[in-house]
Every structure is written in structure tokens, then in C-alpha cells.
S.K.: 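Structure incoming, see below.
Counting starts at 1 for both ligands and their atoms, following the listed order.
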Amino acid sequence: MAEKAPKARVVAEAHEVDTFHPPQKMLAKHPSKPHLASLEEYQQMYKESITEPKQFWGRMARELLTWTKDFETVHSGSLEGGDNAWFLEGELNASYNCVDRHAFKDPNKVAIIYEADEPTDGRTLTYGELLRQVCKTAYVLKQMGVRKGDTVAIYLPMIPEALIAFLACSRIGAVHSVVFAGFSADSLRDRVIDARSKVVITSDEGKRGGKLIGTKKIVDDALKQCPDVSHVLVYKRTGADVPMTKGRDYWWHEEVDKWPAYLAPEPVNSEDPLFLLYTSGSTGKPKGVMHTTGGYLLGAAMTGKYVFDIHDGDKYFCGGDVGWITGHTYVVYAPLLLGVSTVVFEGTPAYPNFSRYWDIIDKHAVTQFYVAPTALRLLKRAGDHYVKNEMKHLRVLGSVGEPIAAEVWKWYFEVVGKEEAQIVDTYWQTETGSNVITPLAGVTPTKPGSASLPFFGIEPAIIDPVSGEEIHGNDVEGVLAFKQPWPSMARTVWGAHKRYMETYLDVYKGYYFTGDGAGRDHEGFYWIRGRVDDVVNVSGHRLSTAEIEAALIEHDAIAEAAVVGVADELTGQAVNAFVAIKDGNEGTDALRKEFVVQVRKSIGPFAAPKAVYIVPDLPKTRSGKIMRRILRKILAGEEDQLGDISTLSDPSVVNKIIAIVHDAK
Ligand code: ATP
Ligand code: MG
């Protein structure tokens, strides 16, 4: 990058966007009132979290978590040293915090609402029942030789047993390493080997969108090359006839029947690892991000309480898969730590039809719903007539995973939320453990497309990527870093601490580097621009791909868009756009022109795409994120160097796109 990042052109535009205050109607239907009375109260608490972090976090940790042994030292270490530790002498158990303490109070309270792939197949589990199941499963793992500190691979569909498996591991101090049950045998094998897991938990099959997934078969294939795996625990989900390897494979239902329904939780040190999770891999080889117990749990509980405004009696529905960090923190830990009901949805938003999410929300009187923009784009594309539901209990609508285009934000607010629920656009990463830049429902005013303000303890810095200096003040643009450690930050990359230091902490000394570009507008609101690698530099203008994509999506015919930069003799880089158009449109040259005009009008001539490719679909990770890296390679004619594409949800789109690009050239 040759030139200095110019000052916030985009941020200036933000001045014109509307500000949405927490809707009156949301406050009117609130069972009591939001946890914080006002934005001023947030500001006061925020200030304390930054200036007196030890006092602040010590108090929060004692308030929200139950400790077997209290801690004396709230925090030690530094971002430079890469040795941050929280609540050092403290001991606790994650499953106790998620289950026991609620089961003791009210064993009949619903913990899990299981919404099966077929709308008629679900069931619910109370906290009392969950405790029994967790204990029995923990016993089974113990019998299989799992000890404190061992990793257990979990390769399960979205069924209650996935949550039981998480909690059974943590009950005995084992470290769960969940692999999304859509990953190939090779991806699973790599993760089992990297994490050194000796036990794998899976099911005979999975069911998603009316289709069967041969999970056990995939495990069998993966384990051909994992000689260290001694046991596989198999949950019978569909009853398919699957081969069982003698001495290695055991049926879940047969094993749990052998053991008692109470097993004392094993207290672990606050800094003992709770889990490993491999990142979605949109930028390269997945990293085994390690989270520890006390700090991570506190981040989950705190954000559940303040960001989603969770109250007793709420029904919380996060549509993310437990194979991703969103599922870890917001399907499992946050709602269970706070003792409310969490919806576990096995299926897809398109099965049996595009009303599925909305039907679930109505059926269970869901109060908070949380999903990724990729799903919202799909549902918006399907048409508003699918959203006929009342959803009258909804108070909070969350978005996560990618920047959400203003167009989609507004649709979410108006069509889904009927302007009675607050949108929270939550920015965070696998590595941050929980939301880091986000509105607090009921408290923070929002602007479509902005993740708004930092969560407690997060001190954002905008850094000039060229000089490496922090840019102070408002109306600035650069890369996003954090100046202070926070409890739920990842402690290492498993078996690769050097990579952890190089990726996050050594880039700008004294800062945690997010890898994302961001702007801070005149009111101190943050606008996430997407990954630093995804910035396009045209004649010295640093353009965010997210912003150009948001402009494209405003065109009625466009369902999804991805923008990348390609080398250009004249301008350094040129903007190229890949778009998927809605059914009923024809990919003509005239339409392509309209798309270019759309960007010219919305951002400016310098941002106009030099080429527009109309494609059937975009390459996306299994968590639904657009992989621009692949598009860049295709345009550069480096199809043979696509790198790791094992995390793509549909690798076949790659060849289709290559053909389209070739034809156009
Ligand atoms: P890898 O690190 O392996 O490339 P990944 O970054 O996609 O994978 P995650 O940790 O799941 O894996 O995603 C975090 C990233 O998602 C963030 O760094 C950011 O780029 C993007 N992101 C998440 N939430 C938001 C949001 N609300 N707005 C904008 N971007 C977001
Ligand atoms: Mg990442």
C-alpha cells in the first residue's frame, strides 16, 4: 500500500443515514425493562470498564458466574506479551454454571427447545432433564478414558445431544473441539489430528432440509487416517443401518443407560481451556482458536444479558450452527448461563419452505432471534409473502458474520420485525469469543450498516495501515484493533502460539489486530468495512468491498454481490463485481450497465465496477461467508492456486465461475 489512507469519505456519507432509536413498541411489550436505563448508563459503565478494568470485570465475574473457588487476581499479562490471563486463582465448572444452578432452582424450566428438521418432530428438555443427560454422558466419556485437559471431537448435527456433548466434556474438564457436521472427511481428519482428539462424538446420520447426511460414514472415512482415536460415541438420530467398528464404536443410548444420572462437576482453573474451534477459513488455513473457561463464559453471559437484553422467561433463538463460534456462544453458552430457553434448530431456513424461521418464532414465542446476513439475503430474495407471521414476542433481531447491507437491515427491521424489535448488528470473531462492537438492545441507537459502539472492556483503535500509527478523533478510517485485553479473547492458536502472536498481537505492538478495516464516524460509531485483504484501491481511493456490494444490492435484480480488486495498469486496482441475480431476471448487457450505474450513483464514478460477472452463486464458506480470495485468484488467472477450498459450502460453483470469467475474456 503506497499511499496514506485518505480520510473517511464513506464516514462522511454516514452523516446522512438515519438513526433508529430502540423502538417504543419494543419497550412497550418488554416483560420488565432493559437491563440498562439509558445510553448514559452504558457510557458510565463503559468508562469504568476501560479505566478500572480489574474492578469492573472482578465485579461482573462474581455477579454472573458461580465460582467453586473465588479468584484473587482479576487479570495478568499484556497484549505485547500474549500472556493474558483472567480470574487467575478462580475455579469453576462450565456445565455447573449452565445447568446445575438453574436445575436446582427450577428443574422443570425448559432449557432446550428442539425444533427438528421436520416441523412435527421436535421436543423440549428441561434443566432437570438436561442435568441428568449431561451427567450420564460425562460418565460415558470418563469410562472411555477422557481426562481433564483431553480434547474430544464433536461432529454432530443441530440436535440437543450436541449441547449435551459440549456440557458433558466441560463437566469433566475435557476440551471440546466441535467440527461443523457438513465438513468433509478430510477436513474432519485434519481437525481431529491437529487437536489430538482421541474420542469422537457423532450420530448415525443427520437430517437437514429434508436430506440425509451420512455423518457416521464421514467419520469412518476420516478416522482411517486417525490411528489415535480410540472411541467413537454414536447417537442414533435416524436409525440408519451404519457399520460399527468393534471395540471403537459405541451407541450413545446403550452407554448412557449404564451410568448414574448425577456426576459431580470437576472444577477447573479459570484459565483451563474450555474449547478449541477452527475458524471458518475465509482467509486461509483454519486456525484452532483456544478459549479458556472463566473469561469466555463471562463474555458469553455478559453479552447475552446486555446485547440481547435476555431476561428470565425469554425464548432465545440463534440460527447459527454449533459448528461455528456463533453457535458456541449464542446457541449454547449465553442462553444457558442466563438460565433461559434456547432453540436448537436442526434444519434450514428454506425447508419445508421459506417461512420456516418465522414459523418457529411464532410457534415458540421467540423473544430474540439471531442470524447471519447470508440467510437474510436468501429470505429477502425469496419474497416478503413468506413473512406473514406475527412474531409478536420478538424484541431483538441480531445479525452476525458479515457486514449487513443497509437494504437488508431495513428489510429485517420492517418486514421481519414490523418495526417492533431492535436490530443489533453484532461485530465479533471466533477469536474475540463474544460480541465486541455492538448495540445493546433497548439502549443503543442504531444506524443501518453500523455495528455501533464498543462493548464493555473493548477499547477500539483505528490504525493507519501504512504508518502503523493510531488515528485519533472521529471521522477516521483505517484498520481496526483493540487496545486492551478483555476476558473472552482467545489465548492461543492450538499448537501454534507463534502464529497467534504473528496474526493478532505482533502486527501492531500493544494492540490486538482484528484483520478488518473500519471507520469511526462523527459520532464515534463504528462501520466495519470487511477484511483488510478485501479493500480495493482504485487511483488512491481505498474502497471497501462491503460498501460497493451494499450499493449493488440496492438494485432490485441483485440477490447477492461480491466485489474484488484486480490489478489495473491505469488505476492500480480496478473494481470487479460478481453478482447473483434474482429469479425472473435476464443477465443482459443492459442489466450489467444498470448495475454499474447503480454504484456510480450510490458511491461515485471511481467505485464503478469495470467488469460485472453474472454468476449462478457466489463461493461461500460453510458458515455462509463470501470467499473473495477465490474470486481474486480466478480473475488473476491463478485457478491452479486457489488454496484451501475445503471450507466451501458448494465447491462446484468455482468451476462455473471460472467458465463465466473465461467466456467474458
Ligand atoms: P478465518 O479467520 O479463518 O479467515 P473468519 O474470519 O470468516 O475465518 P469468523 O471468526 O467466523 O471466521 O468470522 C469473523 C469475521 O467475520 C470478522 O473478522 C469480520 O470480518 C466478519 N464479521 C463478523 N461479524 C460482523 C459484522 N457484524 N459486521 C461485519 N463483519 C463481521
Ligand atoms: Mg477471521
Side-chain angles (χ1 to χ4, degrees), residues 178 180 183 187 190-191 276-289 291 303 307 318 320-330 370-374 376 397-406 408-409 412 423-439 446-455 460 479-482 488-490 493 496 499-500 503-504 507 512-519 525-535 544-547 549-550 619-630 643-649:
V178 180
F180 172 59
F183 269 131
S187 304
D190 292 348
R191 287 159 176 75
L276 304 183
L277 179 61
Y278 291 81
T279 55
S280 75
S282 32
T283 51
K285 186 175 182 289
K287 309 174 265 284
V289 170
H291 280 286
T303 50
V307 175
C318 166
D321 192 281
V322 291
W324 311 118
I325 190 68
T326 302
H328 278 61
T329 309
Y330 298 103
Y370 194 23
V371 79
T374 179
L376 297 174
L397 291 170
S399 170
V400 58
E402 285 183 289
I404 177 167
V408 179
W409 194 106
Y412 202 20
I423 307 284
V424 291
D425 175 3
T426 63
Y427 167 78
W428 61 300
Q429 312 175 300
T430 308
E431 300 87 340
T432 67
S434 45
N435 307 151
V436 285
I437 297 188
T438 175
T446 52
K447 310 178 188 184
S450 165
S452 81
L453 302 173
F455 192 67
V479 300
L480 179 64
F482 301 136
S488 71
M489 70 184 290
V493 171
R499 187 173 176 202
Y500 170 79
T503 312
Y504 310 108
V507 184
Y512 168 90
F513 176 50
T514 64
D516 290 311
F525 275 54
Y526 288 85
W527 297 76
I528 307 298
R529 307 287 181 216
R531 292 158 208 291
V532 172
D533 314 343
D534 288 343
V535 165
S544 108
T545 52
E547 183 200 1
E549 288 158 9
K620 280 181 233 150
T621 63
R622 286 171 194 271
S623 53
K625 292 183 201 214
I626 298 166
M627 267 218 221
R628 295 177 193 77
R629 169 170 70 82
I630 289 184
D644 185 2
I645 58 166
S646 65
T647 59
L648 275 186
S649 64

S.K.: Any idea which atoms of ligand 1 are less than 4.0 Å away from a heavy-atom of I528?
M.R.: 29 (C), 30 (N)
S.K.: Please report whether ligand 1 has a polar contact with G401, defined as an N or O pair separated by less than 3.5 Å (distance criterion only).
M.R.: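 Yes, G401 has an N/O under 3.5 Å of an N/O on ligand 1.
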S.K.: Atom CZ of R531 and atom OG1 of T514: how far apart are they, to the nearest 0.5 Å?
M.R.: 10.0 Å
S.K.: Check the pair S187 / Y278 against side-chain hydrogen bond (donor to acceptor under 3.5 Å, both in side chains), numbers first and verdict last.
M.R.: CA-CA 10 Å; S187 304; Y278 291 81; over 6 Å; no
S.K.: Report yes if R531 has an N/O atom closer than 3.5 Å to an N/O atom of ligand 1; otherwise report no.
M.R.: yes
S.K.: Is the closest basic N to carboxylate O distance between K620 and E402 below 4.0 Å?
M.R.: no
S.K.: Of all the atoms in ligand 1, which lie at a distance below 4.0 Å from a heavy atom belonging to T279?
M.R.: 1 (P), 2 (O), 3 (O), 8 (O)
S.K.: Under a 4.0 angstrom heavy-atom cut-off, which atoms of ligand 1 come close to D516?
M.R.: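 Answer for ligand 1: 17 (C), 18 (O), 19 (C), 20 (O).
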S.K.: In ligand 1, which numbered atoms sit nearer than 4.0 Å to a non-hydrogen atom of K287?
M.R.: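 Selected atoms, number and element: 2 (O).
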S.K.: Determine, considering heavy atoms only, which of K625, Q429, R629, E402 sits nearest to atom 16 (O) of ligand 1.
M.R.: K625
S.K.: Considering only heavy atoms of W428, which atoms of ligand 1 have at least one such atom less than 4.0 Å away?
M.R.: 14 (C), 17 (C), 23 (C), 24 (N)
S.K.: Could a heavy atom of A451 be found less than 4.0 Å from some atom of ligand 1?
M.R.: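 No.
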S.K.: Looking only at heavy atoms, is any part of T426 under 4.0 Å from ligand 1, and if so is it the side chain, the backbone, or both, or is it neither?
M.R.: backbone
S.K.: Within this structure, what is the OH-CD1 distance for the pair Y526 and I437, rounded to the nearest 0.5 Å?
M.R.: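 Between atom OH of Y526 and atom CD1 of I437 there are 6.0 Å.
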S.K.: Once rounded to the nearest 0.5 Å, what's the spacing between atom CG of L648 and atom OG1 of T621?
M.R.: 8.0 Å
S.K.: Any N or O of D425 that comes nearer than 3.5 Å to an N or O of ligand 1?
M.R.: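 Yes - when backbone and side-chain N and O of D425 are compared with those of ligand 1, one distance drops under 3.5 Å.
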S.K.: Would you call the rings of Y504 and Y512 parallel, tilted or perpendicular, taking 30° and 60° as the class edges?
M.R.: parallel
S.K.: Report the distance from atom CZ of R529 to atom CG of L480, rounding to the nearest 0.5 Å.
M.R.: 11.5 Å
S.K.: How long is the span from the OG atom in S452 to the CG atom in D425, to the nearest 0.5 Å?
M.R.: 8.0 Å
